[in-house]
Protein chains: 2
Amino acid sequence: MASIQDVAQLAQVSTATASRALSRPDMVASTTRERVLSAARELGYQPNVIARSLRQGETRTIGVIVTDILNPFHAQLAKGIQDAADRHGYTAFLFNSDEDPAKERRAIDTLRGHLPQGLIIVPTSGARENLQALSGVPIVELDRMSGTPGVTTVTADNSGGATAATRHLISLGHTRIGMIVGQQDISTATQRHDAYRAALKAAGLTYDPALVLPGNHREDDGHRAALRLLTLPEHRRPTALFIGNNEMTVGAVLAARALNLRIPEDLSIVGFDDSRWAQTMNPPLTVVAQPTYDLGTCATEQLIAQLRHPRDGPPQHHQLSTTLIVRHSTSPPHTPAPAHSH
Amino acid sequence: MASIQDVAQLAQVSTATASRALSRPDMVASTTRERVLSAARELGYQPNVIARSLRQGETRTIGVIVTDILNPFHAQLAKGIQDAADRHGYTAFLFNSDEDPAKERRAIDTLRGHLPQGLIIVPTSGARENLQALSGVPIVELDRMSGTPGVTTVTADNSGGATAATRHLISLGHTRIGMIVGQQDISTATQRHDAYRAALKAAGLTYDPALVLPGNHREDDGHRAALRLLTLPEHRRPTALFIGNNEMTVGAVLAARALNLRIPEDLSIVGFDDSRWAQTMNPPLTVVAQPTYDLGTCATEQLIAQLRHPRDGPPQHHQLSTTLIVRHSTSPPHTPAPAHSH
DNA sequence: CATCTCAATGTAATCGTTTGCAACCGGGTT
DNA sequence: AACCCGGTTGCAAACGATTACATTGAGATG
């Protein structure tokens with residue numbers, strides 16, 4: 001691999017001038033500049049980022065840690081981040097924590113050695129502790145908030161989305177609305193849960209804890225939880241489910257199918273986060289859509305702005321709006337044969 | 001960030017001993033070693049990978065370029081690669097070419113500056129040219145083969161899969177089997193196409209070029225192609241479709257639905273590559289499944305083996321087997337009302 | 001014509017590590 | 001007592017870029 005020494009030698013100048021010709025064109029005479037540039041071209045010279053980073057103390061690299069790259073939601077976040085970073089001349093280093101604090105810790109340590117100039121992270125429940133190892137590096141938390149002090153956050157309007165979802169079900173006439181909620185220590189889960197509860201209350205419906213089950217964000221958690229909710233005795237079984245994340249929604253839909261419940265006739269379902277799957281499943285799923293790709297780009301823009309002009313002020317919190325997309329998995333509840341006239 | 005100098009100073013040794021204590025424990029007296037290690041621990045020392053790479057000329061980094069991280073197939077490849085790389089102490093640098101040779105070129109250039117020790121790539125049609133910039137770096141082509149000389153390849157058994165898919169449809173009694181095939185210059189597309197053709201021939205069926213349409217691997221290509229095939233006059237319309245990749249299959253299914261064709265009664269469909277979507281769509285899709293994650297890990301193992309023991313022999317070609325999974329999107333053709341008695 | 005100025009270039013230090021080589025030391029051998 | 005040996009350690013040179021500072025030379029100024 002050609003080094004700048006080779007370029008300098010071929011162009012008959014010192015490495016200093018060669019370097020300047022390439023990165024500070026106006027500091028060198030035009031004739032020499034040409035000589036250097038053509039030498040570089042001839043040798044296929046590509047600057048050694050490693051050496052440059054070492055000298056300059058800046059790597060033009062940002063770290064990215066998501067919890068599950070196989071989840072299309074995260075894949076899309078990652079793509080938004082990478083595209084935006086690329087536009088600004090930064091390289092994004094992508095890691096996976098698999099929702100496991102220990103893996104997150106390892107990712108952070110590996111990252112640290114690479115001297116990232118900033119970090120965008122979808123935090124696990126251990127993030128608050130793990131992130132202490134990275135003091136001095138600007139951090140943007142994406143999608144969730146771990147409560148780490150001083151970090152900028154970029155999230156979706158979870159409350160608004162959950163409120164809209166719950167109101168939608170209420171307006172259709174549902175009174176027994178179940179919810180499958182994510183981990184208690186993940187901000188998105190609690191926000192959605194709180195909003196659901198508030199919306200019920202605002203409509204004068206009672207909040208029934210028996211209709212709310214926790215899950216660990218994965219498909220089988222959704223499956224298990226849905227199975228329990230949907231096998232309650234007929235008069236207590238929820239006629240609608242609001243499910244707190246995309247993966248669990250898949251599990252819940254499959255559980256409903258396994259029980260031979262028709263959607264939406266026997267059970268209305270609203271999921272959180274739109275996806276290819278939600279659009280093409282049968283029937284198409286009513287969901288709260290998030291601006292996923294934009295969440296990624298927004299986080300990146302924020303981070304890079306911060307790298308350019310280091311802030312002192314309090315950390316910022318950006319919230320992108322969500323949209324309820326009504327498809328065909330929701331309808332008025334099917335009133336059971338023996339009319340229940342109050 | 002604490003450097004090795006700080007550690008050395010705190011432990012009252014030279015940087016040389018500090019370095020050795022950390023990376024060549026047996027070269028230093030146990031008491032000094034302890035002193036250094038505890039100093040390192042106390043300072044939270046994390047070696048600067050950049051400086052180390054510069055000195056050693058090896059970065060313990062491998063580049064990864066896939067064509068579309070949003071495609072679950074590629075996301076899974078990426079995960080397989082990252083997990084395996086991690087196990088061997090390598091860091092994977094992930095890039096996206098978006099199926100665009102120019103972007104692939106840029107990714108390679110960026111990568112080059114980071115001095116990756118090897119590259120795993122799902123090549124675009126321009127790869128053969130683009131890869132010349134990386135001479136000297138071991139390369140493994142994954143999923144597809146660009147024809148670049150000297151590179152190791154790790155692919156799925158496309159021929160076997162396509163053969164099984166076609167035979168399955170034939171054995172059900174279909175005689176007009178259409179195919180939507182990927183780009184001509186991508187090896188997976190041509191292999192699947194050739195096998196399909198051969199299987200038809202072996203069964204004594206004629207290959208009808210009008211039933212074979214090309215697509216660019218994306219959903220809307222599949223949609224468009226399927227629309228054209230399925231609106232052929234009744235007696236020429238295919239009763240079954242074999243579709244050459246996962247994204248296009250989505251488009252084709254949606255096209256069939258738009259035309260109110262029932263699957264499998266009016267149209268049998270076999271897709272290539274399994275997915276969550278294929279399993280949960282209605283009806284569940286018959287597919288040729290690929291060992292996606294394993295393709296990723298296999299590629300990584302191959303690459304790392306090569307880094308350890310540089311080869312001179314001819315490049316190796318590994319092929320992982322595929323499996324036909326029969327679900328409910330395929331059935332015998334529905335004989336039209338006016339019996340077509342031979 | 002001496003001096004000053006400024007643009008263009010070169011010299012060499014620097015970033016944090018690793019590592020070849022030399023130095024040192026204590027103990028065994030001759 | 002001189003020598004050697006092997007285990008520890010330190011000194012200093014790399015790696016490839018950038019950049020503070022020194023140098024050069026040509027043209028402008030007095």
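Each chain gets a letter, A, B and so on, in the order its sequence line appears, and its residues count up from 1. The basis for the numbers below is simple: all heavy atoms, side chains too, and nothing from hydrogens, waters or symmetry mates.
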**Q** Could you run down the sub-3.5 Å N/O contacts of the protein with nucleotides 8-12 of chain D?
**A**
| from | atom 1 | to | atom 2 | distance (Å) |
| --- | --- | --- | --- | --- |
| D/dT9 | OP1 | B/T32 | OG1 | 3.0 |
| D/dT9 | OP2 | B/A29 | N | 3.0 |
| D/dT9 | OP2 | B/T32 | OG1 | 3.0 |
| D/dG10 | OP2 | B/S14 | N | 2.9 |
| D/dG10 | OP2 | B/S14 | OG | 3.0 |
| D/dG10 | OP2 | B/T17 | OG1 | 2.3 |
| D/dG10 | N7 | B/R20 | NH2 | 2.8 |
| D/dG10 | O6 | B/R20 | NH1 | 3.3 |
| D/dG10 | O6 | B/R20 | NH2 | 3.1 |

**Q** 5' to 3' on DNA chain C, which nucleotides open and close the contacts with chain A (atom under 4.0 Å from a heavy atom)?
**A** C/dA8 to C/dG16
**Q** So if I take residues 36-56 of chain A and measure heavy-atom distances to DNA chain C, which residues fall below 4.0 Å?
**A** A/L54, A/R55
**Q** Any chance you could measure A/I121, atom CD1, to A/L142, atom CG, to the nearest 0.5 Å?
**A** 10.0 Å
**Q** May I have the step-by-step check of side chain to side chain contact (heavy atoms under 4.5 Å, CB included) for A/R112 and A/V137, ending in yes or no?
**A** CA-CA 10 Å; A/R112 228 157 49 103; A/V137 179; over 6 Å; no
**Q** Using 4.0 Å as the upper bound for N to carboxylate O, is an ion pair formed by B/E99 and B/R144?
**A** yes
**Q** Is a salt bridge present between B/K79 and A/D68, judged by a nitrogen-to-oxygen distance below 4.0 Å?
**A** no
**Q** Below 4.0 angstrom, N of the basic side chain to O of the carboxylate: do B/D83 and B/R87 qualify?
**A** no
**Q** Tell me the interatomic distance from A/D6, atom CG, to D/dC15, atom C1', rounded to whole angstroms.
**A** 13 Å
**Q** What is the distance, rounded to the nearest whole Å, between atom CE of A/M1 and atom C1' of D/dG16?
**A** 12 Å
**Q** Kindly check if the number of other-residue, nucleotide or ligand heavy atoms within 6.0 Å of CD (B/Q12) is above 12?
**A** no
**Q** Working to the nearest 0.5 angstrom, can you tell me the gap between A/L77 CG and A/Q82 CD?
**A** 12.0 Å
**Q** A/D86: what forms a salt bridge (charged side-chain N to carboxylate O under 4.0 Å, His left out) with it, not counting sequence neighbours?
**A** B/R106
**Q** Sequence neighbours excluded, which residues qualify as ring pair (Phe, Tyr, Trp, His ring centres under 6.0 Å) partners of A/H74?
**A** none
**Q** Quick one: side-chain contact (heavy atoms from CB on, under 4.5 Å) partners of B/P138, sequence neighbours excluded?
**A** B/L303, B/Q306, B/L307
**Q** Strictly below 4.0 Å: does A/S19 bring a side-chain N or O up to OP1 or OP2 of D/dT18?
**A** yes
